[in-house]
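Written below as structure tokens is the structure these notes are about.
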Amino acid sequence: MSTRNHDTPESSLVRPLLEAGGLWLLIVLSGVLLIAGLLDHWRQQELQALERAQFELTLLEVQGELEADLSLGRELEYNPRIQGLLLSRLHNDAQLYSLEVLDPDGRALFSTDRGTIGELLPPEALAAARQGAALRRPWNASIGATPAMGIDIRTPFGETAGHASATYASRAAGPLSSRIQTRPLLFTLLATALGGMAAIWLATLAQRRLQRTQRSGRMAQIEARLAATGQRLDEGSERLDAVERIE
């Protein structure tokens, strides 16, 4: 009795090729998505750098005028032209939310948003302002979800008299460009790629086991046929020996 095998040699060759092609297609698509995410991340970083350079120029202009006033003996707290100076700079840039002049402790002396006058910077922004003043360079922070930056204002003797700060709307805050979302996005893409490859491997696991079982079955059939053939040869040899003994 023979057993029919529906797994033809052609199908045995095609299935591994299809599986390998599917895996490579998934890897290529995942790589394309990862590259797109990295390019978007780099684009966002460049856009943020350009924005910060633009607002830094505005703050440097404010710093220059206020330090000139300090050299003439006009203290920040009592300088009557600061409010108008801030409003004029605010009207020149549609991305700016507000401009402020703060005392050394981070309390708002003047602001284009009059409701914030007298308020302190949040702790994270205040720490960034103090660090920026210590290093004599602009600082960047976030006030809630709003980006902010600032620069220190110095007396003619080099002491920190206060800070000029700005909050602004960032054009780099799109759905794929948010600094908060970019890194999780890349990890998500990588996890999707690995998960897809694992899913294909699991989906073809049963098929691979079936193929191994079929190969094992074919080997068992071949071994059984060989054993039957050997048995028949042994029987034929015994018959020949018996005939020779009779003769």
Side-chain angles (χ1 to χ4, degrees), residues 41-174 177-180 182-183:
H41 180 62
W42 292 331
R43 181 197 67 84
Q44 175 252 354
Q45 286 184 326
E46 291 298 322
L47 185 54
Q48 282 186 342
L50 290 174
E51 286 180 340
R52 288 175 178 176
Q54 170 189 344
F55 301 129
E56 184 179 341
L57 286 175
T58 299
L59 291 174
L60 285 171
E61 292 176 358
V62 174
Q63 179 197 52
E65 296 207 25
L66 296 185
E67 288 184 348
D69 287 348
L70 285 171
S71 66
L72 296 175
R74 297 176 182 172
E75 297 182 8
L76 290 182
E77 189 174 359
Y78 305 106
N79 192 333
R81 63 187 294 265
I82 291 180
Q83 190 68 30
L85 175 65
L86 298 181
L87 288 172
S88 66
R89 294 299 187 277
L90 180 70
H91 294 156
N92 291 335
D93 195 331
Q95 273 188 266
L96 285 173
Y97 284 146
S98 67
L99 283 169
E100 295 180 334
V101 171
L102 316 166
D103 67 14
D105 296 326
R107 189 179 304 277
L109 300 174
F110 300 91
S111 176
T112 55
D113 181 4
R114 292 184 179 274
T116 62
I117 293 177
E119 293 185 359
L120 281 171
L121 282 175
E124 298 82 359
L126 181 57
R130 288 173 174 170
Q131 183 178 15
L135 298 175
R136 297 197 175 190
R137 67 184 185 188
W139 53 270
N140 294 278
S142 294
I143 299 177
T146 303
M149 70 178 303
I151 193 168
D152 64 320
I153 302 168
R154 294 188 173 271
T155 68
F157 303 102
E159 298 174 348
T160 299
H163 309 273
S165 70
T167 58
Y168 57 92
S170 175
R171 294 195 182 101
S177 298
S178 173
R179 182 171 58 182
I180 299 175
T182 300
R183 188 171 298 173

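Along the sequence shown, residues carry numbers from 1.
- Note: L135 CG to R137 CZ = 4.5 Å, rounded to the nearest 0.5 Å.
- Counting heavy atoms from C-beta outward, L50 and Q54 have side chains that stay 4.5 Å or more apart.
- A 4.5 Å side-chain heavy-atom check between R81 and F110 finds every atom pair outside the cut-off.
- Across R89 and E61, no two heavy atoms sit closer than the pair NE-OE1, 3.0 Å.
- More than 12 heavy atoms of other residues, nucleotides or ligands lie within 6.0 Å of CD in Q95, so this atom counts as buried by the packing criterion.
- A distance of 9.0 Å separates CG in L109 from CD1 in I117, rounded to the nearest 0.5 Å.
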Point to revise | Verdict with reasoning, L85 to L66, per side chain to side chain contact (heavy atoms under 4.5 Å, CB included) | key: CA-CA 10 Å; L85 175 65; L66 296 185; 4.0 Å; yes
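- Side-chain contact between I143 and L121: present, with at least one pair of heavy atoms (C-beta onward) separated by less than 4.5 Å.
- Residues L86 and V62 meet the side-chain proximity criterion, which asks for heavy atoms closer than 4.5 Å.
- A distance of 13.0 Å separates CZ of F55 from OG of S165, quoted to the nearest 0.5 Å.
- In this structure, Q63 contributes its side chain and I153 its backbone to no donor-acceptor pair below 3.5 Å.
- Nearest heavy-atom pair, L126 versus G106, reported as atom, atom and distance to 0.1 Å: CD1-CA, 3.8 Å.
- Using a 4.5 Å heavy-atom threshold, the side chains of L59 and L99 count as touching.
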Using distance only, find each side-chain donor-acceptor pair of residues 154-164 under 3.5 Å and give its atom names and separation, not counting sequence neighbours.
from: R154; atom 1: NE; to: D152; atom 2: OD2; distance (Å): 2.7
from: R154; atom 1: NH1; to: G158; atom 2: O; distance (Å): 2.5
from: R154; atom 1: NH2; to: A133; atom 2: O; distance (Å): 2.6
from: R154; atom 1: NH2; to: D152; atom 2: OD2; distance (Å): 3.1
from: T155; atom 1: OG1; to: F157; atom 2: N; distance (Å): 3.3
from: T155; atom 1: OG1; to: E159; atom 2: N; distance (Å): 3.2

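- Here the shortest heavy-atom pairing between W139 and A128 reads CB-O, 3.3 Å.
- Closest approach of P138 and I151 over heavy atoms only: CG-CD1, 4.3 Å.
- Applying the side-chain hydrogen bond (donor to acceptor under 3.5 Å, both in side chains) rule to pairs touching residues 104-118 yields E100-S111, E100-T116, S111-T116, sequence neighbours excluded.
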